[in-house]
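First comes the structure, then the notes that go with it.
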Amino acid sequence: MKVQEKTSDEDLNNIWTKVWKNENIVDSIRNIRKDENLRWKLKYAPLNGKILEAGCGVGQYVIYFKKMGFDIEGIDISNDTVEKANIDSEMMNLGKDIFFTGDVRKLHYKDNSLSYYLSMGVIEHFIEGPKFALDEAYRVLKPGGIAYIATPTKYSLAHANSFIKWLLEIDKLPRRLIKNILLKINILKEEKSGWIENLWSLKELKDFVKDSGFIITDCANTGLKSTFDSNFRPSRKKMNKVLKKTKKIFYPILDKYEDRNIAKFGLNNIVVAIKPGRKMHCFFCDSIYDYKKLNIGKYSVPVCQDCCNNLPSEIIENYTFGRKPKFVRRNYIPPKKENPKICNECQSEIKNDEIFGDLGFEKEICHTCIKKPKLLLKEKVNGLKYENY
Ligand SMILES: C[S@@+](CC[C@H](N)C(=O)[O-])C[C@H]1O[C@@H](n2cnc3c(N)ncnc32)[C@H](O)[C@@H]1O
Ligand SMILES: [Zn+2]
Ligand SMILES: [Zn+2]
């Protein structure tokens, strides 16, 4: 039997173009607020330098980061999806060429050119394993640049769910059985699809990331609620209603266990890693400094001496090594409509934005002021809300 050495671009393009064909970008953007891991993605986003989301799908995160003034681009192997994403971002006045068709295993960026590399649910889909993609991430990041890598974990109860669902589809069982027998006796040929999903533990993912040369600076299992969300899809209207009614009681209990040991059974492995170097780029000001002179290991991001001395303590303390990002508030009931909201920074009235809402920060902030880097940093670390209703 011939072993396939690398999942082909063609297979990946075909699979994912189908997956995203009917996805609505506005829904995807709104769902960002239900993302347990948004706190991680924002915490580790440097204010200067270029960001890449590698394997960006419909592009909701790229659009969200762009809206906040980050310099971000997205790459995906699905050409149709990329074209659509560029049209969407142009319609939202966020630029028209921020998405590119490309392979995360062979990026068009120069060595040492990016500050942040985001990868969510991508590197587990290659038959040859994650190494090509992670080596590329390492190559394109600057020394001091940060990689945020997330994959589904192998212990997730969400997989048990899908197994149970599979068993419960009794009407399809005989057909499946017959198909399997026909496959076994070689009368039927397995469809060539190229679909593969490797499930790793957090430790296994960390080992892959380290093997490519990175230093791990933070990691976690999260996503206990996703186990239940994954059962409640738009097609299951009745079950959705039950979830909506119960989650305001049930989800806050699960929230208590996010980031604890039991979150091992949640959906996600998250690894945050730094490309090391003797001269590193500072996370806060992007200046290059001599890493050897610094108190190594005090912070989870590279910090130069000036920033160490001058940054407000409420900002820098959030980056003390081992400090996990948190949401300041978790909402499961929609808030009542309030009087016109006033921006905390410029005191102007905040216009309602159908797509982005209030951007998810505790403090009222208008869409212009959110782009001011210092402020953004403070807000994002100190005041992010989680909303799921
Ligand atoms: C599970 S989706 C995640 C999408 C997005 N990151 C998100 O969180 O919504 C995986 C994405 O990776 C893309 N992808 C898979 N293999 C790729 C490759 N070799 N190069 C670039 N993109 C790839 C797929 O087209 C798909 O959009
Ligand atoms: Zn600095
Ligand atoms: Zn303002």
Side-chain angles (χ1 to χ4, degrees), residues 6-21 23 25 27-29 31-32 35 37-38 41 46-48 52-64 74-82 84-85 99-108 118-128 130 132-133 136-137 144 148-152 194-197 268 280-289 294 299 301-311 316 319 341-351 359 363-372 375 379:
K6 219 171 165 185
T7 307
S8 75
D9 295 11
E10 195 194 333
D11 280 351
L12 287 165
N13 180 16
N14 289 340
I15 294 165
W16 289 101
T17 301
K18 264 190 224 147
V19 170
W20 299 129
K21 213 170 142 210
E23 192 82 3
I25 184 71
D27 290 342
S28 307
I29 292 172
N31 280 336
I32 289 179
D35 175 8
N37 305 322
L38 181 60
K41 293 169 193 150
L47 294 180
N48 302 288
L52 173 69
E53 189 192 346
C56 59
V58 296
Q60 75 275 34
Y61 287 101
V62 174
I63 287 177
Y64 178 84
I75 276 195
D76 203 280
I77 202 142
S78 161
N79 190 31
D80 291 6
T81 312
V82 163
K84 216 163 135 256
F99 294 97
F100 301 93
T101 306
D103 187 342
V104 303
R105 298 165 298 181
K106 201 167 187 358
L107 294 170
H108 68 263
L118 284 159
S119 168
M120 289 91 85
V122 181
I123 62 168
E124 71 274 21
H125 293 296
F126 307 131
I127 203 160
E128 72 279 9
F132 288 99
E136 265 305 80
Y148 168 101
I149 314 281
T151 68
W195 169 260
I196 169 167
E197 183 178 54
N268 315 293
M280 296 238 256
H281 286 257
C282 171
F283 177 80
F284 296 99
C285 70
D286 202 38
S287 68
I288 300 173
Y289 70 96
L294 210 78
Y299 300 111
V301 292
V303 191
C304 76
Q305 199 60 53
D306 279 352
C307 289
C308 235
N309 298 339
N310 301 329
L311 278 175
I316 197 152
Y319 290 90
K341 293 177 177 168
I342 304 295
C343 172
N344 252 289
E345 202 58 21
C346 67
Q347 315 305 328
S348 66
E349 191 177 306
I350 302 176
K351 293 199 190 77
L359 291 166
K363 241 195 208 172
E364 304 300 351
I365 208 90
C366 77
H367 288 213
T368 311
C369 289
I370 197 69
K371 291 185 180 158
K372 293 178 188 168
L375 174 77
E379 294 299 318

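Hydrogens, waters and symmetry mates are skipped; everything else that's a heavy atom, side chains included, is used. Start at 1 and go down the list; that is how both ligands and their atoms are numbered. Sequential numbering from 1 along the given sequence is applied to the chain's residues. If you're wondering where the values come from, they're calculated on a predicted model, not measured in any experiment.
- When all heavy atoms are compared, the tightest approach of N37 to N268 is ND2-ND2, 3.1 Å.
- Here I342 contributes atom CD1 and I350 contributes atom CD1; the two are 7.5 Å apart, rounded to the nearest 0.5 Å.
- Residue-ligand proximity, Q60 to ligand 1, at heavy-atom distances under 4.0 Å covers atoms 9 (O).
- In this structure, G102 is part of the shell of residues with a heavy atom less than 4.0 angstrom from ligand 1.
- By the 30° and 60° cut-offs, the orientation of the rings of Y319 relative to F283 is tilted.
- Rounding to the nearest 0.5 angstrom, the gap separating the CD1 atom in I32 from the CG atom in D27 is 11.5 Å.
- Taking a cut-off of under 4.0 Å to the non-hydrogen atoms of L12, the atoms of ligand 1 that pass are 16 (N), 19 (N).
- Distance CG/L311 to SG/C304: 8.0 Å, rounded to 0.5 Å.
- Atom 20 (N) of ligand 1 has V104 N, 2.9 Å as its closest protein atom, hydrogens excluded (heavy atom only).
- Short contacts between ligand 1 and C56, defined as distances under 4.0 Å to a heavy atom of the residue, involve ligand atoms 5 (C).
- Checking only distances, S78 never comes within under 3.5 Å of ligand 1, N or O to N or O.
- The heavy-atom pair separating S78 from N13 by the smallest distance is CA-OD1, 3.4 Å.
- Not one N or O of F126 is nearer than 3.5 Å to an N or O of ligand 1, by distance alone.
- Under a 4.0 Å criterion applied to the non-hydrogen atoms of E53, ligand 1 contributes the atoms 5 (C), 6 (N).
- Contact between I316 and C307 at its shortest, heavy atoms only, is CD1-O, 3.9 Å.
- Taking each heavy atom of V104 and E136 in turn, the nearest pair found is O-CB, 3.5 Å.
- Taking CZ of R105 as the reference point, atom CD1 of I77 lies at 5.5 Å (rounded to 0.5 Å).
- Of all the heavy atoms in V303 and Y289, the pair that sits closest is N-OH, 3.1 Å.
- Residue contacts with ligand 1: Y61 is placed with no nitrogen or oxygen under 3.5 Å of a nitrogen or oxygen of the ligand (distance criterion only).
- Heavy-atom proximity to W20, at under 4.0 Å, picks out these atoms of ligand 1: 2 (S), 4 (C), 26 (C), 27 (O).
- If you check which protein heavy atom lies closest to atom 19 (N) of ligand 1, you get D103 OD1, 2.7 Å.
- Taking SG from C366 and NZ from K372, the interatomic distance works out to 7.0 Å, rounded to the nearest 0.5 Å.
- Among the atoms of C285, an N, O or S atom is found under 2.8 Å from the Zn ion (ligand 2).
- An N or O contact shorter than 3.5 Å links D76 to ligand 1 by distance.
- The side-chain hydrogen bond (donor to acceptor under 3.5 Å, both in side chains) with T101 is formed by just one residue from the set D80, N79, T81; it is N79.
- When only non-hydrogen protein atoms are considered, atom 14 (N) of ligand 1 lies nearest to I77 CG2, 3.9 Å.
- The protein atom (non-hydrogen) at minimum distance from atom 3 (C) of ligand 1 is M120 O, 3.3 Å.
- Nearest protein neighbour of atom 15 (C) of ligand 1, counting heavy atoms only, is W16 NE1, 3.9 Å.
- Note on the Zn ion (ligand 3): protein N, O or S atoms under 2.8 Å away count 4, no waters included.
- Comment: E23 does not engage K84 in a salt bridge, judged by the lack of any side-chain N to carboxylate O separation of less than 4.0 angstrom.
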Stepwise side-chain contact (heavy atoms from CB on, under 4.5 Å) check, L12 with D103 | CA-CA 10 Å; L12 287 165; D103 187 342; 5.6 Å; no

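- In this structure, OG1 on T7 lies 10.5 Å from CZ on F132, to the nearest 0.5 angstrom.
- Rounding to the nearest 10°, we obtain 110° for the angle at the Zn ion (ligand 2) between C307 SG and C304 SG.
- Taking each of S119, G55, G121 in turn, the one with a heavy atom nearest to atom 5 (C) of ligand 1 proves to be G55.
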